[in-house]
Structures are given as structure tokens and as C-alpha cells.
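Some notes on the structure that comes next.
Every value quoted in this text rests on a predicted model; they were computed, and no experiment measured them.
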Amino acid sequence: DRRLSFVTLKDARGSGFEPVDLLSGFGFNDGLYFYRSILDQGQHFYFDALPKGSFVFEYEVRVVHEGNYSQGFAEIQSYYAPEFGSYSDGRNVFVHSDEKKEE
């Protein structure tokens, strides 16, 4: 409901997935400039300024292994006003192949 400065968004990734983009760097999405840091456990987005409103961030991942994975939660927080922050829900992700395996 207000403009915030110096905000970080941490998005945890399930262990059965790997990002398509592998390089950290500056980016632009949904009208916002940010720096993205790609880590083993997820991605972190850093914003100098985050205007009032709602935003959607999407990025591509590829499935590495079949299985049942716990998708981590996302966390957003202001560096200089840590009382302004929030968490998303974690979810379970089921990955299976429809291909018939040869014996």
C-alpha cells in the first residue's frame, strides 16, 4: 500500500528444478528494474525502489528429475524497514513422465 526502497524478494526453488537462465545480472520485468542473483536454492531479486501496487514475477525452470518435491516459499522484505515483509505459501509439486519405459 506504499512505495518502498531497497527491497529483496527471495524465491526458493524445488530441488527437482533448475533455472533456464544461469547468469545473475540486471533485468526488467513488469515495469521494474532489478538485480537477480541465481543461487542453488532459488533466486533473489533486489529492487532499489518498489512502487505501490501488485507485481508478478515469472521465470523459466526445467525439470531435472521425476518425483514429489516441496516447492519453497517466497519472501519479500524491505532492508531498512524489516517490519514491511511477507511470505507466500509453500506447495507440493508432483512431476511424472507419461513416456513408457523400455525394459
Side-chain angles (χ1 to χ4, degrees):
D1 66 344
R2 66 189 75 205
R3 182 183 184 281
L4 296 173
S5 297
F6 303 106
V7 175
T8 182
L9 170 63
K10 299 176 183 178
D11 186 28
R13 181 175 53 249
S15 61
F17 302 94
E18 290 294 329
V20 173
D21 295 328
L22 299 174
L23 298 176
S24 298
F26 290 95
F28 179 80
N29 185 18
D30 206 12
L32 298 173
Y33 290 98
F34 57 87
Y35 182 81
R36 176 178 59 192
S37 176
I38 300 173
L39 307 168
D40 287 339
Q41 73 273 15
Q43 295 194 34
H44 294 185
F45 298 89
Y46 301 94
F47 307 93
D48 287 340
L50 192 62
K52 178 180 173 180
S54 298
F55 303 93
V56 176
F57 277 81
E58 297 176 343
Y59 57 90
E60 291 184 39
V61 294
R62 71 174 57 99
V63 176
V64 180
H65 302 287
E66 292 184 39
N68 179 7
Y69 300 103
S70 175
Q71 176 66 30
F73 58 89
E75 172 190 3
I76 190 165
Q77 189 171 30
S78 173
Y79 270 108
Y80 296 117
E83 63 272 16
F84 295 109
S86 186
Y87 295 90
S88 71
D89 292 333
R91 299 183 184 259
N92 289 327
V93 179
F94 302 97
V95 177
H96 64 87
S97 173
D98 289 334
E99 296 179 14
K100 292 183 180 181
K101 296 183 180 182
E102 296 180 24
E103 295 183 17

Output side-chain donor-acceptor pairs under 3.5 Å for residues 35-44, partner residues at least two apart or in another chain, one line each.
from	atom 1	to	atom 2	distance (Å)
His44	ND1	Tyr46	OH	3.4

Original post:
So do the side chains of Val20 and Tyr59 get within less than 4.5 Å of each other, counting heavy atoms only?
Top reply: no
Subject >> Beyond-backbone contact of Val63 with Phe17, side-chain heavy atoms, under 4.5 angstrom >> reply: yes
Subject >> Minimum-distance pair of heavy atoms, taken over all atoms of Pro51 and Arg3 >> reply: CA-CG, 4.2 Å
Subject >> Value rounded to 0.5 Å, distance of CD in Glu75 from NZ in Lys10 >> reply: 5.0 Å
Original post:
Are any side-chain N or O atoms of Gln77 and backbone N or O atoms of Pro82, one a donor and one an acceptor, separated by less than 3.5 Å?
Top reply: yes
Original post:
Looking only at heavy atoms, what is the nearest atom pair of Ala12 and Gln71, with distance?
Top reply: O-NE2, 2.7 Å
**OP:** Check whether any side-chain heavy atom of Tyr33 sits under 4.5 Å from a side-chain heavy atom of Asp48, and report yes or no.
**Re:** no
Original post:
Which pair of heavy atoms, one from Val56 and one from Asn29, lies closest together, and at what distance?
Top reply: O-ND2, 3.7 Å
Original post:
Hey, does Leu9 have a side-chain heavy atom less than 4.5 Å from the side chain of Leu50?
Top reply: no
**OP:** Might you confirm whether atom CZ of Phe28 has over 12 heavy atoms from other residues, nucleotides or ligands at distances under 6.0 Å?
**Re:** yes
**OP:** Indicate the atoms forming the closest heavy-atom contact of Ser54 with Asp30, along with that distance.
**Re:** O-OD2, 4.3 Å
Subject >> Cluster companions of Tyr87 among Ile, Leu, Val, Met, Phe, Trp, Tyr (side-chain spacing under 4.5 Å) >> reply: Phe73
**OP:** For residues Leu32 and Phe57, determine if any side-chain heavy atom of one lies less than 4.5 Å from a side-chain heavy atom of the other.
**Re:** yes
Original post:
Does one hydrophobic cluster hold both Ile76 and Phe6, with members joined at side-chain heavy-atom distances below 4.5 Å?
Top reply: no
Original post:
How many angstroms lie between OH in Tyr69 and CD in Glu66, if you round to the nearest 0.5 Å?
Top reply: 8.0 Å
Original post:
Out of curiosity, does Phe45 fall in the hydrophobic cluster containing Val61 (side-chain heavy atoms, cut-off under 4.5 Å, transitive links)?
Top reply: yes
Original post:
Would you find more than 12 non-hydrogen atoms of other residues, nucleotides or ligands less than 6.0 Å from Leu23 atom CG?
Top reply: no
